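Every number for a ligand or one of its atoms is a count from 1 in the order of the listing. Quick caveat: nothing in here was measured; it's all calculated off a predicted structure.
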Amino acid sequence: MPATQALAEVAQLTAELQACRDLLARQTRSLQVAEQKVASTELEFNRDFGSFLDKTSDFVYFKNREGRMRFCSQSMATLFGYADWREMVGRLDRELFPPESSEVYADEEAYVFAQGQPLLNKVNSYRGANAQQGYVQTSRWPLFNAQGEVESIFGIGRDVTDNRQTQAHIQLAASVFTHAREGIMICDAQGSIVDVNASFSRITGYRREEVIGANPRILNSGRQDAAFYAAMWQTIVKAGHWSGEIWNRHKSGAVYAEILTISTVFDAEQQVKNYVALFTDITPMKEHQSQLEHMAHYDMLTGLPNRLLFADRLGQAMRQSDRSKHSLSVIYLDLDGFKAVNDTYGHETGDALLVTLAQRMRLALREGDSLARFGGDEFVAVLVGLEHAHDCVPVLERLLLAAAEPVKLSFNDEPVSLHVSASIGATIYPKDGADADLLMRHADQAMYLAKQAGKNRYHLFDVAHDTAVKHQREWLDQMRRALKEGEFVLYYQPKVDMHSGLVLGAEALIRWQHPQRGLLLPAEFLPGIENHELSVEVGEWVIATAVAQIGAWQAQHLLLSVSVNIGALQLQQHHFVDRLMAILERHPDVPHRHLELEILESSALKDIAVVAQVLHACHAREVRIALDDFGTGYSSLTYLKHLPAETLKIDQSFVRDMVSDPEDLAIVNGVIGLARAFGRQVIAEGVETAQQSALLLSLGCHQMQGFGIARPMPAAHFIPWMRQWQASPFVHAS
Ligand SMILES: Nc1nc2c(ncn2[C@@H]2O[C@H](COP(=O)(O)OP(=O)(O)OP(=O)(O)O)[C@@H](O)[C@H]2O)c(=O)[nH]1
């Protein structure tokens, strides 16, 4: 080989060697660069991974085959109370977490190791180092070695406590929506239905699919007018909600009542998002309410209106009568002999009778009239539109017939024919200008009179009579008050012996010092209480006052006897003598004989046996008796013989006319003769003239009393009068 060729080859080899060297150098450099890159990448990775573990809020961890912690995020370490996650490295779950958690984690991780499969999105509860509870959602993956074996495990978990709570709330809301007994309807801002719950379907009859997208007006019953809905929407717009009662229509067409609340739901921009309607079917409540109302207004047995409803109807009828100028009649009806039906056939039969009669009586009325039951066997009715008061009479007669007609019922499976009748009282408005209550009471009073008059009849309330009775009642009240207030006074009219001029005593006569009407004489007020127990009280007051006066005069050395008038009713009182004695006992200084009881001859004759007994008892206690108005009562001589009266008082009617009327003179003469024959004293009352006095003296009657001698006077005037009389007796008073 030529040298040049060899040289050329060497040169080429050298060049190639150099090129190789360069390449090697370059490759070494790039390898170095690559190595440096790897080292710096690893460094970066370590730094970034460490930083990631420090920063991430997720729970990231790696565990080796034994389940020991290799790495984990700081967030996880913090949750379980480790200041640095590196403290956890190399430790098992059971050394790191509460037992209830570690067991679950171990189970789940065992699965990943065994299956070599990831386990995704498992949610477990946890209890942190500060005892805080929560939920974590974890996914775990297996990591394999070169031999394809699971070498370690990698997990990422996230705290889902907040999500869980939100979800729980959503579930709760959904469950409320589903299970609420109230119907719920959700509409969009345009008013179309977007959802309804099951109760909506139950109440309205519409399935969910039928109403989604529809307008709620499909439920309108037509019972509320457009104005109602307009007002409702106005409130919803203004206040954001509305609630009230409303009638809606069921799919079947039936109308039902509901309590409805509509609320507006706004979005974050305060725009209307939804309307939510919540409603309860209150139809059963309404039905119950109307049942209660029925019970409150109607009689259960007969179905007739009861007292409450009748009062209402009567009020209306009265107002109508005022407008129409027609009369109306209030009728009170009580069955006669009803108790006997109950007693004989039992309550049930009595009830059946009441029901039948109620129907019949209702038929006996005219249209517009009302019949009600007040309970028991009492019914009331109002008859309206009467032109004349007597227009009610045919109806009353029809009612009587309706009640009196026999009622055929069965009792113990046997047919029975029951027979009762009715007593009816009626009053006519406005002739009887009372209010509703009083009209009923007047009709009741009239019914009572119909009963008293023999039953099976009607009685019309007598307004005039009632007014008189009312006046008498008022009068009695006034007199009672007068007695209490001490408005009664006694005046004393002297009784004198016209022969000797001696003043024998006085008759006590009652006066009423009326606060408005002045001094009233007994004739003006006593008749109003005649036969009333108040007359007994007044009579006792008279006795007590007179006895006190005798005592007062006696204290002034004036021994006068005082007579008091005793009414028939007082005399018949069981305890008359006891009470008289009680009064006298209060004045032990007053001798009983200074008190004289003037008994009207007529009242002495009323119940002669009793009166005689009383008078004897008084006589036995030295109280003296005079028979007043003697000659007017046709007493038989036998009676006179048996009555222990010391004195006969000739009635002033005979005295007044005896001068001119021979018959009166004969009577006066007769009484004087009788007195003499029976050994009684005699006194003439009503002596007004000297002529009468002279005539009486000539007939042998010395004791006299009358205006001719002195008028009745207050007690305080008596002594001055006596002084004057004794100075010049027989000078007649005016
Ligand atoms: N069957 C029945 N009886 C009742 C009812 N309410 C009250 N009674 C009875 O009805 C009777 C009414 O009494 P009265 O009016 O005194 O009986 P009467 O026999 O008609 O007497 P007079 O009215 O004086 O004729 C009493 O026995 C009550 O117990 C009821 O709802 N059903």
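Looking at E182 and N197, their side chains never bring a donor and an acceptor atom within 3.5 Å of each other. Side-chain atoms of S423 and D334 include no donor-acceptor pair closer than 3.5 Å. The closest side-chain donor-acceptor pair between R319 and Q316, if any, does not fall under 3.5 angstrom.
Side-chain N or O atoms of T235 include none that pairs as donor or acceptor with a backbone N or O of W242 at under 3.5 Å.
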Inventory of protein N or O atoms under 3.5 Å from ligand 1 N or O:
| from | atom 1 | to | atom 2 | distance (Å) |
| --- | --- | --- | --- | --- |
| ligand 1 | 1 (N) | N342 | OD1 | 2.9 |
| ligand 1 | 1 (N) | H347 | O | 3.1 |
| ligand 1 | 1 (N) | D351 | N | 3.4 |
| ligand 1 | 1 (N) | D351 | OD1 | 2.9 |
| ligand 1 | 3 (N) | N342 | ND2 | 2.7 |
| ligand 1 | 3 (N) | H347 | NE2 | 3.4 |
| ligand 1 | 15 (O) | D377 | OD1 | 3.1 |
| ligand 1 | 15 (O) | D377 | OD2 | 3.0 |
| ligand 1 | 19 (O) | F338 | N | 3.1 |
| ligand 1 | 19 (O) | K339 | N | 2.9 |
| ligand 1 | 20 (O) | L335 | O | 2.8 |
| ligand 1 | 20 (O) | G337 | N | 3.3 |
| ligand 1 | 20 (O) | F338 | N | 3.0 |
| ligand 1 | 20 (O) | D377 | OD2 | 2.9 |
| ligand 1 | 23 (O) | D334 | OD1 | 2.8 |
| ligand 1 | 23 (O) | L335 | O | 3.2 |
| ligand 1 | 23 (O) | K451 | NZ | 2.7 |
| ligand 1 | 25 (O) | G337 | N | 3.3 |
| ligand 1 | 25 (O) | K451 | NZ | 3.1 |
| ligand 1 | 25 (O) | K455 | NZ | 3.0 |
| ligand 1 | 31 (O) | R373 | NH2 | 2.9 |
| ligand 1 | 32 (N) | D351 | OD1 | 2.6 |

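Taking the six-membered ring for Trp, F525 and F488 have ring centres closer than 6.0 Å.
Contact of the R373 side chain with the L354 side chain is registered, since non-hydrogen atoms from C-beta on lie closer than 4.5 Å.
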